[in-house]
Amino acid sequence: MTRMTMRFPTTFKPLMLAALVATASLVAHADSARPAPAYQAPVPLLWKVSDADNAVYLLGSFHLLKPSDYPLSNDVAAAFADAESLVFEIPPEEMASPELGTKMAQAALRRDGTALNSELPPETIALLDAWTARNAAPLQKMGLSPQVLQMLEPWFVGLSISIVEMTKQGLDPALGLDAHFGAQAASAGKPTSGLETGTEQIAFLDGMTKEEELQFLAEALSESQDARQETEKMHRAWRAGDAASLWNDMAVDMKKQYPRLYQRINVARNDAWLPKLQKRLTDPGKDDTLVVVGALHLLGTDGVVEKLRAKGYRVERVCSACRASK
């Protein structure tokens with residue numbers, strides 16, 4: 001999500017985290033968090049898109065969060081209360097399903113009998129060996145010994161590096177906005193659905209060209225030393241609701257350097273989601289929907305927000321804190 005170091009790996013956090021956390025047990029315990037005395041709720045990346053009779057709320061997610069990120073703002077609570085149903089990138093029940101983790105593991109396995117190192121340049125091998133040695137404990141918890149890593153595709157190893165670096169900083173997939181609202185919807189008896197399937201998300205990752213995969217892994221390794229500083233910067237921008245900074249740091253540089261991959265990972269998916277979101281607006285009735293997806297998908301000229309605005313819908317940002325600061 002650029003320089004913002006972790007440029008290439010973190011650009012894909014909205015997609016990658018959603019896929020990888022499916023291998024873990026998502027127990028959303030955000031409601032038990034106790035804020036600090038001077039607590040300020042995160043400023044939400046929240047938009048309301050309306051037609052004549054109903055609305056779709058679009059909420060930008062950070063897929064791993066901390067206990068200190070809860071409770072959320074009153075704006076978000078009101079959007080949840082107003083919505084009759086919730087939509088995520090993939091359905092919460094599929095996200096929590098062990099089968100999704102199994103599918104991802106199967107996609108990540110090398111099938112040609114070669115080891116990972118056989119396709120890596122010497123400098124990447126050296127970086128991977130050093131990183132693996134530094135992170136033996138968290139890798140062991142994930143079941144990823146050095147021997148197992150050699151059996152996996154570069155995209156999965158790069159993904160694992162990014163996840164390890166984020167979780168070392170106290171960010172937890174069980175506290176991500178997706179997991180939180182999946183649990184909230186279940187508790188409130190609100191129906192949920194997904195804009196795509198877990199299998200489709202895995203295919204986006206496994207569909208990288210070999211050149212893209214190797215670049216992905218090399219960047220994850222080279223940027224991992226600055227992971228703490230850059231992830232904290234991203235997290236602060238998300239908490240501040242700073243859409244411009246997140247867009248510039250998550251997408252602009254990547255869009256320039258890797259246009260084909262950016263098109264497939266972000267733009268193509270946004271375009272595929274658009275008719276599904278429009279259907280929520282054009283269907284008969286007055287039911288409103290809360291849509292919770294990775295923040296990247298909402299931002300900038302390629303984001304769902306501007307694409308719906310261009311279709312002629314009424315679009316407004318819902319941000320009491322933004323108004324109060326003016």
Side-chain angles (χ1 to χ4, degrees), residues 14-15 18 26 28 30-31 41-63 65 70-96 176-198 200-201 238 241 243 266-300 302-320:
L15 171 64
L26 296 185
D31 292 330
V43 177
L45 294 163
L46 177 65
W47 287 264
K48 183 178 181 180
V49 182
S50 310
D51 66 0
D53 56 0
N54 55 17
V56 168
Y57 294 94
L58 301 170
L59 179 62
S61 174
F62 208 83
H63 293 289
L65 288 174
Y70 292 90
L72 300 171
S73 73
N74 291 335
D75 288 335
V76 175
F80 175 80
D82 191 38
E84 280 75 28
S85 62
L86 281 80
V87 175
F88 301 87
E89 292 186 27
I90 66 174
E93 62 271 18
E94 186 179 6
M95 176 70 79
L177 221 56
D178 320 76
H180 171 78
F181 277 110
Q184 291 277 43
S187 178
K190 297 191 177 190
T192 61
S193 60
L195 292 166
E196 57 197 17
T197 67
E200 288 172 325
Q201 287 210 341
W238 178 83
N266 190 49
V267 179
R269 295 172 70 214
N270 292 350
D271 289 344
W273 295 353
L274 209 60
K276 299 177 183 179
L277 297 174
Q278 286 185 264
K279 189 174 185 300
R280 293 270 169 170
L281 292 163
T282 58
D283 277 353
K286 297 180 180 291
D287 286 359
D288 297 330
T289 305
L290 175 60
V291 179
V292 184
V293 296
L296 175 63
H297 294 288
L298 304 184
L299 306 179
D302 296 323
V304 169
V305 171
E306 291 305 317
K307 287 177 182 289
L308 286 170
R309 194 194 304 276
K311 295 285 186 181
Y313 293 103
R314 184 170 63 254
V315 178
E316 59 182 312
R317 183 161 180 191
V318 182
C319 184
S320 299

Next item on the list: Could you please spell out the steps behind the side chain to side chain contact (heavy atoms under 4.5 Å, CB included) verdict for R280 and V87?
Entry: CA-CA 10 Å; R280 293 270 169 170; V87 175; 3.5 Å; yes
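- Looking at V305 and R317, their side chains never come closer than 4.5 Å, going by heavy atoms from C-beta outward.
- In plain terms, the two heavy atoms of P275 and D271 that are nearest each other are CD-O, 3.2 Å.
- A cation-pi arrangement is absent between K190 and F181 under the rule of less than 6.0 angstrom and at most 45 degrees off the ring axis.
- Closest non-hydrogen pair, S61 versus D178, comes out as OG-OD1, 2.9 Å.
- A distance of 9.5 Å separates NZ in K276 from OG in S193, rounded to the nearest 0.5 Å.
- Judged by distance alone, with hydrogens and angles left aside, the side-chain atoms of D75 form a donor-acceptor pair with the main-chain N or O of S320 at under 3.5 Å.
- Checked by atom type and distance alone, the side chain of W238 never pairs as donor or acceptor with a backbone atom of P42 at under 3.5 Å.
- Atom CD of E200 is separated from atom CZ of R269 by 9.0 Å, given to the nearest 0.5 angstrom.
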Exercise answer: donor-acceptor pairs, residues 43-52 side-chain atoms, under 3.5 Å, sequence neighbours excluded:
residue : atom : partner : partner atom : Å
D51     : OD1  : D53     : N            : 3.1
D51     : OD1  : N54     : N            : 3.0

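- Summarising the geometry, atom CD belonging to E84 is positioned 7.5 Å from atom OG1 belonging to T289; distances are rounded to the nearest 0.5 Å.
- Nearest heavy atom pair, residue A185 against residue L86, reads CB-CD1, 4.1 Å.
- For residues 283-300, every residue pair satisfying the salt bridge (charged side-chain N to carboxylate O under 4.0 Å, His left out) rule, not counting sequence neighbours, is listed here: K279-D283.
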Next item on the list: Give the intermediate values and the outcome of side-chain hydrogen bond (donor to acceptor under 3.5 Å, both in side chains) for residues E196 and W273.
Entry: CA-CA 8 Å; E196 57 197 17; W273 295 353; 3.1 Å; yes
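- Judged purely by atom type and a 3.5 angstrom limit, E94 has no side-chain atom pairing as donor or acceptor with the backbone of P91.
- Atom CD of Q278 sits about 6.5 Å away from atom CG of L308, to the nearest 0.5 Å.
- Interatomic distance, K311 NZ to L281 CG, rounded to the nearest 0.5 Å: 12.0 Å.
- Nearest heavy-atom pair, G182 versus F88, reported as atom, atom and distance to 0.1 Å: N-CZ, 3.6 Å.
- Applying the salt bridge (charged side-chain N to carboxylate O under 4.0 Å, His left out) rule to E306 yields the partners R309; only residues at least two apart in sequence or on another chain are considered.
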Margin query: Between Y57 and V76, does the side chain to side chain contact (heavy atoms under 4.5 Å, CB included) criterion hold? Intermediate values first, please.
Written below: CA-CA 9 Å; Y57 294 94; V76 175; over 6 Å; no
Next item on the list: Just do the side chain to side chain contact (heavy atoms under 4.5 Å, CB included) check on V293 and L58 with the steps written out, would you?
Entry: CA-CA 8 Å; V293 296; L58 301 170; 6.0 Å; no
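- Going from atom CG of L72 over to atom CG of L59 covers 8.0 Å, rounded to the nearest 0.5 Å.
- Within a 6.0 Å sphere centred on CG of N74, heavy atoms belonging to other residues, nucleotides or ligands number 12 at most.
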